[in-house]
Amino acid sequence: MLQLIPEALTKSRLSRRYTSMAFWSLLIALVGFFGNGMSKAPQLLLANALTLLIGVLALQIFSGNSGILSFGHVGFVGVSAYTTGILSMTPIVKQTSLSTLPVFLQDTTFIFPIAMLCGVLAATLVGALSGLVIARLRDSASIATVGILIIIHSTLVGAEDFTRGSQTFYGVKRFTSVPVAATVAIIALIIARWFRDSKTGIHVRASRDDVIAASSAGVRIQRSQFKAWVLSAAVAGGMGACYAGLLGAFSPKDFYFTLTLTLLTMLIVGGSGSVAGAVVGVVLVMAVIENLRKIGDSIGLFGLTNAGLAIIILLTLYLRPKGIMGFHEPEEISAYRGDSPNLDATIPVAEQLPSCQPVLTATNITKRFSGLVALDDASMFVERGKISGLIGPNGSGKSTMVNCITGISKADSAEIQLGDLKISKEKTWKRARSGLGRTFQNIRLFKELTVLDNVVVACISAGESVKDSDKSALSLLNQVGVMHHAYRFAGELSFGDQRRVEIARALALKPSVLLLDEPAAGMNPAESAELLAQFRQIMKQANAGMLLIDHDVTLIRSACDSLTVLDHGRVIAQGDPETVLSLPEVHAAYLGWGEESSVDEKTTTNNER
């Protein structure tokens, strides 16, 4: 079926976005057009399904892209519903149903489109306030959203002058017809699909896969997730406005855990990572709900629908954890199964600055872990256009040194200067954007993103537009020899090719220093030799300095211009590689040889280690 999508409609990211928007919008518009001519019961069912779709799309914007399951969005739906209801009711109705409402609200009435916008604004405001907390959390964020739902629910119950408390809030004109719900659903869908491939959307999806790798690629995670949260709250407000006009009468319990379970089931079943999954999930779950409701009514079994939804979630998570549509849009899958992309841009060459100038100076770095000294007043430097090596036995503090330089680990004390910038106190994403590109000892790619998008994440951090980022990413992938894998998912590649993608992502930051943590680990001799040949070319293209960490003495000897040796967190030798490798203390601490042994005699043994 995916092969039926014309190549012209999936060739570029922009064309895929517009294709998706146009297809699903047209489908919803047709449902709205033909549904408006149906009898009352089917119309009500369709209007309800379209209204729920808006809520699922709101969840998709945040939960689907960030991977953080939100239970709080139904609270925003409730805020918007009550705001829309109050502002759309006539003064006469308010005097009857809301006699204790403040005078200025008693006399204020808007036509329903304006009242709906006010409801959206109210939900957005509450979303922004709560987002200040959610964006600062990660592992506990989902639990915090439960707290938000409970707080909003309690507020709605307690604000009796505005909501009638736990009693039914009535008197709202039922203005949500099928065309109205379809119109708002189309707007929500366009927003969700646009956001997914926006700068912020791509960054949020990267943080879903790997927070540490994302921050090292320049992603400002808290800000990106905050934007996603507020935007999704606004879309949830659109559902609340429609829901008020659909129900006409409601109470706080209508915006609590039952509705939350329904929306989350639809998102999970369809596939949380895609807009198409939201649509498919609503269609399938609505069909199940209607059938379970009829069965429950016929046999008098209360609660059958909720039990059925819970079972559906469990089955989906067990049989198809990513949902029916997975994490990717149909048009993306179609494009990724096609031919490899063509490179229509030249590889950019960085401005050539004088070589042999210190570009990274890291001094007096000390790091302790619960009394264990991992780094003890260690120092090193990297010059522009030169490759500095860092070696040491396992546990000597090499990776800790890189983590302290890049900000992933906070040093107890350190003086770190990148060019003219002092970055000792900067966050990881800021250091990355300032010119620190790195790879990891254990490869950390965004495995649910394509190879191309892994590099695009860093290109965006470097200040490029999404369109320019696609072109730059292809150039970099071509530079490291993996452009033919651009449309494959990163987790599908061989170990060596994943290493190359990680290097391309680091280069995408336009770094002044590249920190490569054991880039040849896991590679065979042929792959290591090929990588070595690429290092000098990379240095020429990027005009950067390089810090190379590896256990391969042959690689270190061949590639490095200077060498630093760590042992138990202290620098025991520093200088020319040949001189350093011949020192007795280096033999004893790292290479494990006696002073009488030569370096050349033991290179093979070291490589096997």
Colleague: To the nearest 0.5 angstrom, please state how far the CG atom of N306 sits from the CZ atom of F257.
Modeller: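 The distance works out to 12.5 Å.
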Colleague: Is any side-chain heavy atom of L259 closer than 4.5 Å to one of D254?
Modeller: no
Colleague: Hey, are the side chains of F112 and T84 touching, using non-hydrogen atoms and a 4.5 Å cut-off?
Modeller: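 Result no, sub-4.5 Å side-chain heavy-atom pair not found.
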Colleague: Please tell me if the side chains of L247 and V172 come closer than 4.5 Å, counting only heavy atoms from C-beta onward.
Modeller: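 Counting from C-beta outward, L247 and V172 never come under 4.5 Å.
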Colleague: Using a 3.5 Å distance criterion without hydrogens, assess whether the side chain of S207 forms a donor-acceptor pair with backbone atoms of V204.
Modeller: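 Yes.
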Colleague: State the CG-CG distance between L292 and L304, to the nearest 0.5 angstrom.
Modeller: 5.0 Å
Colleague: Flag yes if more than 12 heavy atoms outside L26 fall under 6.0 Å of its CG atom; otherwise flag no.
Modeller: yes
Colleague: Could you give me the CA-CA distance, side-chain angles and deciding distance for T265 and T262, then say whether side-chain hydrogen bond (donor to acceptor under 3.5 Å, both in side chains) is met?
Modeller: CA-CA 5 Å; T265 302; T262 301; over 6 Å; no
Colleague: Donor-acceptor pairs under 3.5 Å, side chain of residues 309-319 to any protein atom, not counting sequence neighbours: which ones?
Modeller:
| residue | atom | partner | partner atom | Å |
| --- | --- | --- | --- | --- |
| T316 | OG1 | I312 | O | 2.8 |

Colleague: Taking the six-membered ring for Trp, is the centroid-to-centroid distance between F255 and F76 below 6.0 Å?
Modeller: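 Not under 6.0 Å, so no.
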Colleague: Return the orientation label for the H153 and Y256 ring planes: parallel under 30°, perpendicular over 60°, tilted otherwise.
Modeller: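 Geometry flag for Y256 against H153: parallel rings.
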Colleague: Test side chain to side chain contact (heavy atoms under 4.5 Å, CB included) on K467 and L14 and set out the steps.
Modeller: CA-CA 8 Å; K467 183 178 180 180; L14 192 62; 5.9 Å; no
Colleague: Using distance alone, with no hydrogens and no angle criterion, decide if S80 and T83 have a side-chain donor and acceptor under 3.5 Å apart.
Modeller: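 Note: S80 and T83 side chains miss the donor-acceptor criterion.
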Colleague: Using every non-hydrogen atom in the two residues, find where L98 and I86 come nearest and quote the distance to one decimal.
Modeller: CD1-CG1, 4.2 Å
Colleague: When rounded to the nearest 0.5 angstrom, what is the spacing between CG in L246 and OG1 in T51?
Modeller: 5.0 Å
Colleague: Does this structure show an ion pair linking D209 with R205, if we count only N-O contacts that are shorter than 4.0 Å?
Modeller: no
Colleague: Can you confirm whether Y18 is buried at OH, in the sense that more than 12 heavy atoms of other residues, nucleotides or ligands lie under 6.0 Å from that atom?
Modeller: no
Colleague: How long is the span from the CD atom in E492 to the NE2 atom in H485, to the nearest 0.5 Å?
Modeller: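 Rounded to the nearest 0.5 Å, the CD-NE2 separation comes out at 10.0 Å.
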Colleague: Between R500 and D497, is there a side-chain N and carboxylate O pair less than 4.0 Å apart?
Modeller: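 Yes, this pair counts.
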Colleague: Taking R220 for its side chain and R223 for its backbone only, find out whether a donor-acceptor pair lies under 3.5 Å.
Modeller: no
Colleague: Would you say the side-chain atoms of S66 pair up with the backbone N or O of Q225, donor to acceptor, closer than 3.5 Å?
Modeller: no
Colleague: Distance-only check: which donor-acceptor pairs under 3.5 Å involve side-chain atoms of residues 226-238, not counting sequence neighbours?
Modeller:
| residue | atom | partner | partner atom | Å |
| --- | --- | --- | --- | --- |
| W229 | NE1 | G127 | O | 2.9 |
| W229 | NE1 | S130 | OG | 3.1 |
| S232 | OG | H73 | NE2 | 2.7 |
| S232 | OG | A228 | O | 3.1 |
| S232 | OG | W229 | O | 2.7 |

Colleague: For S272 and I268, indicate whether the former's side chain and the latter's backbone hold a donor-acceptor pair under 3.5 Å.
Modeller: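 Answer holds: no.
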Colleague: Tell me whether the count of non-hydrogen atoms from other residues, nucleotides or ligands lying under 6.0 Å of CZ in F495 goes above 12.
Modeller: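 Enclosed.
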Colleague: Is it true that, when you exclude K94 itself, more than 12 heavy atoms of the residues, nucleotides or ligands shown sit nearer than 6.0 Å to its NZ?
Modeller: yes
Colleague: Hey, does R16 have a side-chain heavy atom less than 4.5 Å from the side chain of E329?
Modeller: no
Colleague: Is it true that R193 and E331 have a side-chain N and a carboxylate O under 4.0 angstrom from each other?
Modeller: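 So R193 pairs with E331 through a salt bridge.
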Colleague: Can you measure from OG1 (T176) to CZ (R174) and round to the nearest 0.5 angstrom?
Modeller: 9.0 Å
Colleague: Would you compute the distance between atom CG of L264 and atom OG of S70 and round it to the nearest 0.5 angstrom?
Modeller: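 Those atoms lie 7.5 Å apart.
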Colleague: With a 4.5 Å heavy-atom cut-off, do I148 and F71 have their side chains touching?
Modeller: no
Colleague: Less than 4.5 Å apart, any side-chain heavy atom of F169 and any of Y82?
Modeller: yes
Colleague: Please determine if E332 and R196 form a salt bridge, counting it only when a charged side-chain N lies under 4.0 Å from a carboxylate O.
Modeller: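 Yes.
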Colleague: Using modelled atom types only, decide if a donor and an acceptor are shared between the side chain of S63 and the backbone of Q60 within a distance under 3.5 Å.
Modeller: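 Such a contact is absent between S63 side chain and Q60 backbone.
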Colleague: Say whether, by atom type as modelled, one donor and one acceptor occur between the side chain of S224 and the main chain of I221 under 3.5 angstrom.
Modeller: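 A pair under 3.5 Å: no.
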Colleague: Tell me whether S142 contacts the main-chain N or O of L69 through its side chain, where contact means a donor paired with an acceptor under 3.5 Å.
Modeller: yes
Colleague: Step by step, work out the side chain to side chain contact (heavy atoms under 4.5 Å, CB included) result for M116 and F110.
Modeller: CA-CA 9 Å; M116 291 175 72; F110 296 127; over 6 Å; no
Colleague: Do other residues, nucleotides or ligands put more than 12 heavy atoms under 6.0 Å from the CZ atom of R293?
Modeller: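 Yes - once you tally the heavy atoms of other residues, nucleotides and ligands closer than 6.0 Å, there are more than 12.
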Colleague: Would a distance-only check, ignoring hydrogens and angles, find a side-chain to backbone donor-acceptor pair under 3.5 Å from S140 to I143?
Modeller: no
Colleague: Is the NZ or CZ atom of R164 positioned over Y170's six-membered ring, under 6.0 angstrom from the centre and within 45° of the axis?
Modeller: no
Colleague: With no hydrogens and no angle check, just 3.5 Å: does a side-chain donor-acceptor pair link H203 and S461?
Modeller: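 Present: a donor and an acceptor within the cut-off.
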Colleague: Give the table of side-chain donor-acceptor pairs shorter than 3.5 Å for residues 38-50, with sequence neighbours excluded, one pair per line with atom names and distance.
Modeller:
| residue | atom | partner | partner atom | Å |
| --- | --- | --- | --- | --- |
| Q43 | NE2 | N36 | O | 3.1 |
| Q43 | NE2 | M38 | O | 2.7 |

Colleague: Going by heavy atoms in the side chains, are V451 and Y487 under 4.5 Å from each other?
Modeller: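 Sidechains of Y487 and V451: no contact.
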Colleague: Between R13 and D453, does any side-chain N to carboxylate O distance fall below 4.0 Å?
Modeller: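 A salt bridge links R13 with D453.
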Colleague: Keeping T163 on the side-chain end and L156 on the backbone end, is there a donor-acceptor pair under 3.5 Å?
Modeller: yes
Colleague: A side-chain contact here means heavy atoms from C-beta on lying under 4.5 Å apart; do S274 and H328 qualify?
Modeller: no
Colleague: Has S216 got a side-chain atom pairing as donor or acceptor with A213's backbone, closer than 3.5 angstrom?
Modeller: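 No, the answer is negative, given that no donor and acceptor are paired below the 3.5 Å cut-off.
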